[in-house]
Amino acid sequence: DMRSFLLLLFKSQLLEVENMELSELNKAAVEALEARDLEIQHLRQQVRLRDRMLEEREARMSADQLSDMKAAVPHEFVPCDTVVDWGSALIRRLRKETGDEDEDPP
């Protein structure tokens, strides 16, 4: 009887330790994703700044300079305008699963 009680106690404590380890891994994953999300935000700001600078430069160019510049662009060039925010969605899902929903998203 005592042996089965101690075995159950051991299993319970083992599960608690595993839960703590998984919680720590989860927190580390969330922090890594937040850091990546922040880096993505900075890169997007950089791209917006670059685009604004290019627009300002084009606004100062004469019509001839603009036509020469547009003629120099290869005909197979296709601009890419894709915006996907995978990081924030994943962070929100992880926070929901861990019960940290009350924190503000980055």
TODO: Output the distance between atom NZ (Lys11) and atom CG (Leu6), rounded to the nearest 0.5 Å.
DONE: 12.5 Å
- [ ] Measure the CG-CG distance between Asn19 and Leu14 for me, rounded to the nearest 0.5 Å.
- [x] 11.5 Å
Task: Beyond-backbone contact of Gln45 with Leu49, side-chain heavy atoms, under 4.5 angstrom - done: no
TODO: Could you tell me whether the side chain of Glu39 reaches within less than 4.5 Å of the side chain of Leu43, counting heavy atoms only?
DONE: yes
TODO: Look up atom NE2 in His42 and atom CG in Asp37, then write down how far apart they are to the nearest 0.5 Å.
DONE: 10.5 Å
Task: Evaluation steps, side-chain contact (heavy atoms from CB on, under 4.5 Å), between Arg57 and Met53 - done: CA-CA 6 Å; Arg57 187 188 78 177; Met53 290 173 68; over 6 Å; no
Open item on the list: Within this structure, what is the CZ-CD1 distance for the pair Arg36 and Ile40, rounded to the nearest 0.5 Å?
Closed with: 8.5 Å
TODO: Kindly compute the distance separating CZ (Arg48) from CD (Glu55), expressed to the nearest 0.5 Å.
DONE: 12.5 Å
TODO: Could you pull out all residues at least two apart from Glu16 that satisfy side chain to side chain contact (heavy atoms under 4.5 Å, CB included)?
DONE: Ser12
- [ ] Enter the distance from Leu9:CG to Met2:CE here, rounded to the nearest 0.5 Å.
- [x] 10.0 Å
Open item on the list: Is there a side-chain contact (heavy atoms from CB on, under 4.5 Å) between Arg50 and Leu54? Walk through the geometry before answering.
Closed with: CA-CA 6 Å; Arg50 181 210 60 196; Leu54 288 173; 4.2 Å; yes
